[in-house]
Each structure stands twice: as structure tokens, then as C-alpha cells.
Amino acid sequence: MKDRDKIFARAVFLLTLCLSVPARAETLPEAVRSALGSHPALEVASAQYEVAQKDKAMKESDYYPELSVSATLGRVYQDNATSRGLSVDRGAGYSGYGEGTLALRQNLFDGFETKNRVEAAQARMASYESNIVDVQERLVFRVASSYVDVMRSREALDLLKEQQASMTSYHERIVAMVEEGLADETEQQQA
């Protein structure tokens, strides 16, 4: 029976070592804030929402006219009657060349394609916004569940320590009773 006591004592000792992992002491609201501030799933959901916002802005730009500007500059070598009239060497001349264009283009009617694309982008934004809320709620639930589990484990550990102290006290009293002759060896073995 002494082997059983040793095994039990070792098991309780190992259990207390496993459960006594150092952790930060914080309240449930602090744990939730910490999780919401740095969880990767929430960062991904926020990034998706930002991309949807930019996509919507890009689709809305189809409502506005397109402006294009181009310019060409250069120098042209000419050997003709006009160039010979200038101050030239060897009967030819160089003249500057420049050309520029400015174009403004506006689509008048595209069969509501732009409107539908903007509305689809708006719907994607709303979906990703709902996804952020969903991720936050699931994360808060998991943090709260884990926090309750830790508190429950801590309370169970305290109860085990109290039980161990009670059992040790009971065992010591039985051993003392056996030594004084008030109890027999059977009660000591049971204890």
C-alpha cells in the first residue's frame, strides 16, 4: 500500500506541475481586447474589407470621363525649298517639330453595366463587413470559453490542494492513533 501512496503523491505532484503553467493575470475584458487587437483572422478580414472599399472606388471611377494627354516633340531634317530659304549649311535645314493631343472621353450609356458593378462592389463590402463582425464574435466566444476553462481548472486545482491537505491530515491522525494503540493496521492501510 505504500507504493500506492507514492504513486498517488507523484500523480498529484505531476498534475500540479502541469496545471501550474505561468500565465499573465488579466481580467476577461483585457483578454478579449488583447485577442481582438492582434488576432490574424481579424487582420485578414479587415484587409479583405479594405480591398473591397478600393474595388468599389475603382468601379465608381467609371462614372467619370477619361482624360488622355499625349505630346510629341522632336527635330526634323529637311532638304526642300522651304528649308533652303533658311540659314542652312549644304542646302538642307533642321526644324523643330511638335505635336500634342488632349482627349476627353465620356461613356453616355453602357446598359447599366457601371451601376451594376458598383452595386456588386457595395454588396461585397457589406459581406466583408459582416465577416469582420462574425470573426470578432467567434473570437470573443473562444476567448471567453478559454477564460472560463482556465478559471474552472484553477478552482479544481485549489480543491485538489485542499483535498490533499485534508487527506494528509487524516492520514497523520490515523498513523498517530495506530502508534498510540487506538486503531489497528487495517485502518492505517485504508487511510
Side-chain angles (χ1 to χ4, degrees), residues 18-157:
C18 291
L19 292 179
S20 64
V21 176
R24 287 191 331 212
E26 55 183 26
T27 63
L28 180 60
E30 288 174 350
V32 169
R33 271 193 299 275
S34 174
L36 289 177
S38 63
H39 199 273
L42 192 57
E43 292 174 5
V44 167
S46 298
Q48 287 174 333
Y49 180 74
E50 289 173 11
V51 168
Q53 278 182 322
K54 291 179 182 176
D55 184 49
K56 181 184 175 235
M58 192 170 65
K59 299 299 182 197
E60 285 177 340
S61 71
D62 289 343
Y63 283 125
Y64 306 112
E66 294 177 19
L67 179 67
S68 63
V69 177
S70 68
T72 305
L73 298 173
R75 196 170 116 165
V76 178
Y77 173 77
Q78 296 176 339
D79 186 9
N80 56 28
T82 305
S83 63
R84 284 190 209 109
L86 302 172
S87 60
V88 295
D89 296 333
R90 295 172 292 177
Y94 290 95
S95 61
Y97 173 73
E99 177 181 61
T101 60
L102 176 67
L104 184 66
R105 218 172 57 137
Q106 173 66 46
N107 198 0
L108 296 178
F109 184 70
D110 62 357
F112 302 110
E113 181 179 345
T114 302
K115 179 182 175 251
N116 292 337
R117 287 184 183 188
V118 169
E119 288 175 357
Q122 179 70 33
R124 278 191 296 277
M125 263 182 56
S127 171
Y128 288 130
E129 190 173 15
S130 297
N131 188 30
I132 289 174
V133 172
D134 182 49
V135 168
Q136 286 174 336
E137 288 175 352
R138 282 188 285 129
L139 189 58
V140 167
F141 176 74
R142 284 192 310 207
V143 167
S145 297
S146 298
Y147 190 84
V148 168
D149 287 343
V150 167
M151 296 306 289
R152 189 179 302 136
S153 297
R154 181 176 291 162
E155 189 172 330
L157 180 61

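Numbering starts at 1 and runs along the sequence shown. Heavy atoms only: backbone and side chains are in, while hydrogens, waters and symmetry mates are out.
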### Query
Distance from Arg124 atom CZ to Asp55 atom CG, nearest 0.5 Å?
5.0 Å

### Query
How long is the gap from CE on Met151 to CG on Leu28, to the nearest 0.5 Å?
9.5 Å

### Query
What pairs with Ser68 under side chain to side chain donor-acceptor pair (under 3.5 Å), at least two apart in sequence or on another chain?
none

### Query
What residues, two or more places apart in sequence or in another chain, satisfy side-chain contact (heavy atoms from CB on, under 4.5 Å) together with Pro65?
Leu104, Gln106

### Task
Please identify each residue that fulfils salt bridge (Lys or Arg N to Asp or Glu O under 4.0 Å) with Glu43, with sequence neighbours left out.
none

### Query
Closest approach of Ile132 and Ser46, non-hydrogen atoms and distance?
CD1-CA, 3.8 Å

### Task
Could you list the residues that satisfy side chain to side chain donor-acceptor pair (under 3.5 Å) with Lys59, not counting sequence neighbours?
none

### Query
With sequence neighbours left out, what residues match Glu60 under side-chain contact (heavy atoms from CB on, under 4.5 Å)?
Lys56, Val118

### Summary
Shortest non-hydrogen pair, Ala35 vs Leu139, comes out as O-CD2, 3.5 Å

### Query
Pairs in or reaching into residues 62-73: which pass salt bridge (charged side-chain N to carboxylate O under 4.0 Å, His left out), with residues at least two apart or in two chains?
Glu66-Arg105

### Query
With Ser146, which residues qualify under side chain to side chain donor-acceptor pair (under 3.5 Å), at least two apart?
none

### Task
If a pair satisfies ring pair (Phe, Tyr, Trp, His ring centres under 6.0 Å) and one of its residues is in residues 103-141, list it, with sequence neighbours excluded.
Phe109-Phe112

### Message
List the residues meeting side-chain contact (heavy atoms from CB on, under 4.5 Å) with Leu102, not counting sequence neighbours, and say none if there are none.
### Response
Leu67, Val69

### Message
Apply side-chain contact (heavy atoms from CB on, under 4.5 Å) to residues Glu155 and Arg152 and explain how you reach the verdict.
### Response
CA-CA 5 Å; Glu155 189 172 330; Arg152 189 179 302 136; 5.8 Å; no

### Query
Listed by chain and number, what are the salt bridge (Lys or Arg N to Asp or Glu O under 4.0 Å) partners of Glu129, not counting sequence neighbours?
none

### Task
Look up atom CG in Asn131 and atom CD in Gln136, then write down how far apart they are to the nearest 0.5 Å.
10.0 Å

### Task
Write down the atom of Leu73, the atom of Gly98, and the distance for their closest heavy-atom approach.
CD2-CA, 3.8 Å

### Message
Whether the side chain of Thr114 engages the backbone of Asp110 through a donor-acceptor N/O pair (distance < 3.5 Å, no angle test) should be reported.
### Response
no

### Message
I need the full list of salt bridge (charged side-chain N to carboxylate O under 4.0 Å, His left out) pairs touching residues 135-147, with sequence neighbours left out, sorted by first then second residue.
### Response
Asp134-Arg138

### Message
Between Glu113 and Arg117, does the salt bridge (charged side-chain N to carboxylate O under 4.0 Å, His left out) criterion hold? Intermediate values first, please.
### Response
CA-CA 6 Å; Glu113 181 179 345; Arg117 287 184 183 188; 2.5 Å; yes

### Task
Determine which pairs satisfy ring pair (Phe, Tyr, Trp, His ring centres under 6.0 Å) with at least one residue from residues 31-74, sequence neighbours left out, and list them in order.
none

